[in-house]
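Report on one structure; see the data block that follows.
We count residues from 1, following the sequence as given. The basis for the numbers below is simple: all heavy atoms, side chains too, and nothing from hydrogens, waters or symmetry mates. Note that ligands are numbered from 1 as they come in the structure, with each ligand's atoms numbered from 1 the same way.
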Amino acid sequence: MPNSEFVKSHPCDTIKHVTEKGLKKKDLIHSFKEYYVHFLGRDDESHSVHYAYEALGMTIRDRLMERWNETHRTYKQAKTKRAFYLSMEYLMGRSLSNAMINLGINDAATRAMNELGIEIEEIIQGELDAGLGNGGLGRLAACFMDSCATLQLPVIGYGLRYEYGMFTQTIVNGHQQEKPDHWLRLRNVWELKRLEYAHHVKFGGYTAVQTDEHGEEHFVWLDANEVLAIPYDTPIPGFQNNTVNTLRLWKSVATEEFNLNEFNSGDYVHAVAKKNSAENITMVLYPNDSSENGKELRLRQQYFLVSASLQDVISHWVGLYGEDFSQFADKNCFQLNDTHPSLAVAELMRLLLDNHHLSWDDAWAITSSSMAYTNHTLLPEALEKWSVTLFKELLPRLMDIVFEINARFLSQVAAHWPGDYNKLRTMSVIEEGEEPQVRMAYLAIVGSFSVNGVAELHSQLLQREMFADFYAIWPEKFNNKTNGVTPRRWLLGANPELASLITETIGSDWIHDLTLLKSLIPYAEDKEFRKRWRSIKQSAKQRLADYKQQQHGVTINVDAIFDVQVKRIHEYKRQLLKVLHVIHLYIRIKAGDKDIAPRCVLIAGKAAPGYQIAKNIIKLINNVATVINNDPDIQGQLSLLFLPDYRVSAMEQICPGADLSEQISTAGKEASGTGNMKMMMNGAVTVGTYDGANIEILKEVGEDNFFLFGLTEEQVNQTKAHYNPVSIIENDDDLTQVMNLLESGHFNQLEPSLFDALITSLKNSNDPWVTIADFRSYIDIQAQVDIAYLDPVRWIKMSIMNVACSGKFSSDRSINQYNEDIWQLEHLPVLSKT
Ligand code: 26Q
């Protein structure tokens with residue numbers, strides 16, 4: 001329930017009958033002018049794109065507001081079950097264009113701006129990305145929020161309002177440089193601060209037992225430092241359906257009590273320092289997409305998110321049902337986006353036990369039937385662990401609870417495998433050793449009724465390998481939910497020309513039922529249709545080329561294959577394999593080979609600032625690019641570009657122009673991938689390994705429309721026993737030439753031994769990514785790509801087939817499956833007041 005000071009004198013009656021803001025051109029012009037002149041204080045002399053953006057943003061936000069309130073009212077009245085997506089990351093990207101599309105006022109707004117002499121595209125492109133995430137996991141959360149609102153499901157997203165999002169990347173002499181992304185330095189027109197829903201979060205101190213007035217004993221958490229969590233709400237509009245859901249992000253602020261006490265105690269400097277440490281919690285997103293082990297601030301962030309969000313849900317519950325929690329698990333479900341918010345298991349227990357005085361068994365029944373955990377990784381090094389010492393110091397009461405959860409769990413293990421003491425050790429939530437650790441994935445599995453992976457293969461591997469013992473005890477918990485992406489942003493928004501052609505051909509229902517794209521299949525045989533398809537793809541390529549030319553001063557041949565690998569830079573994603581292929585093509589072109597299709601290879605992605613190898617890969621790409629792009633012998637036949645500062649809005653510009661989508665991870669390592677889906681939806685053909693969602697893409701589109709290569713996950717494991725990259729290199733002339741050129745220092749003439757470590761890792765028989773093992777098959781399949789591309793009719797058919805078969809990869813399908821199998825929420829239509 002809201003803090004009382006904010007609701008005491010709410011003038012409800014006076015504001016009951018507000019008239020809705022119109023959606024017509026004239027209404028938008030009127031609001032825009034009001035904001036521009038009266039709110040922002042600008043006049044017709046000012047030609048600032050930024051202020052125009054703010055004025056239009058607020059104009060649009062006003063139109064969301066009424067629908068947002070109506071959605072709240074609808075959910076409140078229905079009193080039905082709700083779900084909460086708990087995620088440390090939301091990669092929302094830009095909001096303005098998406099809001100206009102979902103409100104259905106794109107045309108009206110464009111005409112309104114036109115009439116005012118303003119280029120709306122310039123305003124749209126001027127918006128900063130909300131980059132509160134690293135990559136796939138964060139963007140998935142954003143796509144899911146869009147689908148939940150479009151499917152009219154009562155789902156609230158909870159996250160952190162980082163002051164600094166994902167760093168911006170610049171490239172200096174080929175090296176990545178990171179700059180802080182202070183995205184909030186300008187006004188964020190999309191957020192609403194809701195002081196009335198603030199909560200206190202505790203850190204440190206100690207636990208004790210106290211007896212209450214009825215003689216009952218309870219645990220209390222004493223002498224803790226308290227930090228205030230203030231929510232900022234962002235509206236999430238559904239697609240043309242009146243629903244506006246909420247993304248609630250918490251900001252940390254020093255509490256007033258703590259200010260007064262500390263400041264009055266005389267130690268002013270210490271007090272200021274402490275205030276800072278409270279406010280630091282939500283200062284910055286950790287820019288690492290695998291792990292950042294042991295950082296205390298990260299653990300603080302996780303607990304801050306979890307505690308504030310659960311308190312929020314519980315206070316809402318108490319407001320409706322008082323202290324009766326018997327129906328709580330029937331009405332609330334928490335989806336944990338990886339282990340990052342898995343402290344929720346212990347925190348919900350704490351709140352129910354200590355604040356609401358439930359018995360352990362009742363509290364556990366509620367907790368373990370309201371938590372659901374999604375795993376996003378198979379890399380063992382990415383499994384989160386926290387030292388027991390740190391955990392205890394920061395969250396003493398939670399540590400006690402985790403120990404108790406574990407003790408009870410281990411007795412179940414003992415009953416399942418009597419006498420098998422090794423199982424107790426390997427399955428324990430606490431990893432024993434010199435420095436005992438809390439295994440967060442195990443805590444999440446033990447505390448959840450559902451555990452899912454994000455693609456078929458990934459979910460199978462979780463059951464067969466990573467969590468096999470847990471699967472043996474609880475097979476019913478395990479399930480798969482293949483990822484998806486929202487077609488509103490990734491097709492309708494990013495590629496309006498292609499979207500229009502599709503709508504003109506099959507109607508517009510595909511926007512909320514993407515499987516309808518199947519009816520495009522017959523048009524692959526229609527010559528006129530293919531011609532239009534091709535011309536749309538060509539103009540998307542031209543736009544991308546013009547933009548990059550302007551930015552980097554390189555000339556791009558738009559008749560070349562636009563060969564795209566955009567994703568975080570990581571060894572398992574094998575950007576190095578792509579570089580080996582580029583060097584191979586370079587050698588062949590230099591040798592006068594004429595059978596090669598012209599190619600423009602586009603690579604983009606950020607490396608975690610502490611991941612030296614990944615940074616070195618970026619440097620290698622840039623050095624190879626410099627040599628190739630400046631070689632007059634190969635002009636127009638091959639170019640390599642590293643596009644700096646890859647982010648959501650960059651992908652929106654890239655994916656319409658992609659011909660070839662590179663999904664070349666070592667089989668068994670990429671949990672799903674979602675860039676593969678975005679490019680498929682925009683008519684790119686995939687060259688990929690048998691990994692993650694590639695497998696399902698292949699199944700949908702058929703092997704004639706997909707370039708499959710490389711070892712399977714099983715073969716990768718078998719290969720590892722006798723892997724000998726040096727001998728593979730010796731026995732392959734092309735590979736020998738590539739490695740020789742690389743080792744000769746051709747790409748680092750003024751920087752000796754710069755790439756030694758990369759070369760050594762490729763030749764290491766323990767290379768976990770077995771890059772060299774897949775070289776031959778990759779080169780061969782790329783030769784097939786060339787043949788297909790040089791036959792334009794065949795290529796366009798493949799492109800059409802990819803879009804036509806991309807229906808499965810809508811996040812609407814994913815969310816419907818989450819809902820049917822896990823959340824079981826009612827769809828709640830929001831009625832328009834007009
Ligand atoms: C952990 C501890 C400390 C600091 C950071 C982290 C951290 C942060 C982000 C660990 C992992 C991530 C992100 C992981 C991620 O994005 N995984 C990707 O998730 C996608 C959505 O399911 C999949 O499609 C990708 O295959 C998977 O790599």
Kindly assign one of parallel, tilted or perpendicular to the pair F467 and Y442, based on the angle between their ring planes and the thresholds 30° and 60°.
perpendicular
Any R139 heavy atom less than 4.0 Å to ligand 1:
no
With ring centroids as reference points, do Y303 and F203 lie under 6.0 angstrom apart?
yes
Quick one: does A382 get within less than 4.0 Å of ligand 1, heavy atoms only?
no
Give me the nearest non-hydrogen protein atom to atom 5 (C) of ligand 1 as residue plus atom name, then the distance to 0.1 Å.
N288 O, 3.3 Å
I'd like to know if E713 and R464 make a salt bridge, using a cut-off of under 4.0 Å between side-chain N and carboxylate O.
yes
Decide, yes or no, whether a salt bridge links R574 with E662 under the criterion of side-chain N to carboxylate O below 4.0 Å.
no
Need the ligand 1 atom indices (1-based, order shown) with element for anything under 4.0 Å from a heavy-atom of Y572.
28 (O)
Are Y818 and F144 close enough that their ring centres sit under 6.0 Å apart?
yes
Near D289 (heavy-atom distance under 4.0 Å), the atoms of ligand 1 are 9 (C), 10 (C), 11 (C), 12 (C), 13 (C), 14 (C)
Do R488 and D146 sit within salt-bridge range, that is, some charged N less than 4.0 Å from a carboxylate O?
yes
For a side-chain hydrogen bond (donor to acceptor under 3.5 Å, both in side chains) with H376, tell me which candidate from D289, D338, N337 qualifies.
N337
Protein contact to atom 17 (N) of ligand 1 [nearest heavy atom, distance to 0.1 Å]
H376 O, 3.8 Å
Compute the centroid of each ring, for F470 and then for F478, and state whether the two points are separated by less than 6.0 Å.
no
Backbone or side chain, does any N or O of E384 fall under 3.5 Å from an N or O of ligand 1?
no
Among V454, T674, N483, which residue places a heavy atom closest to atom 21 (C) of ligand 1?
N483
Answer yes or no: is there an ion pair linking R350 with E347, defined by an N-O contact shorter than 4.0 Å?
yes
Atom 15 (C) of ligand 1 has as its nearest protein heavy atom L137 CB, 3.5 Å
Tell me, which protein residue and heavy-atom name are nearest atom 10 (C) of ligand 1, and how many Å apart are they?
S290 O, 2.7 Å
State whether the shortest distance between N or O atoms of Y286 and N or O atoms of ligand 1 falls below 3.5 angstrom.
no
Nearest to atom 3 (C) of ligand 1, what protein heavy atom do you find, and at what distance?
R298 NE, 3.2 Å
Note: ligand 1 atoms sitting under 4.0 Å from heavy atoms of H340 are 1 (C), 7 (C), 8 (C), 9 (C), 10 (C), 11 (C), 12 (C)
Test item, G692 contacting ligand 1 (heavy atom, 4.0 angstrom):
no
Protein heavy-atom partner closest to atom 23 (C) of ligand 1 - residue, atom, separation in Å:
G673 N, 3.7 Å
Salt bridge or not between D645 and R647? Use side-chain N to carboxylate O under 4.0 Å.
yes
Testing the 3.5 Å rule here: is there a donor-acceptor pair between the side chains of E696 and T482?
yes
Name the closest protein heavy atom to atom 9 (C) of ligand 1, giving the residue it belongs to and the distance to 0.1 Å.
E89 OE2, 3.2 Å
So which heavy atom in the protein is nearest atom 26 (O) of ligand 1, and how far is it from that ligand atom?
E670 OE1, 2.7 Å
Check ligand 1 against A671 and write out every atom of the ligand that is under 4.0 Å from a heavy-atom position of the residue.
26 (O)
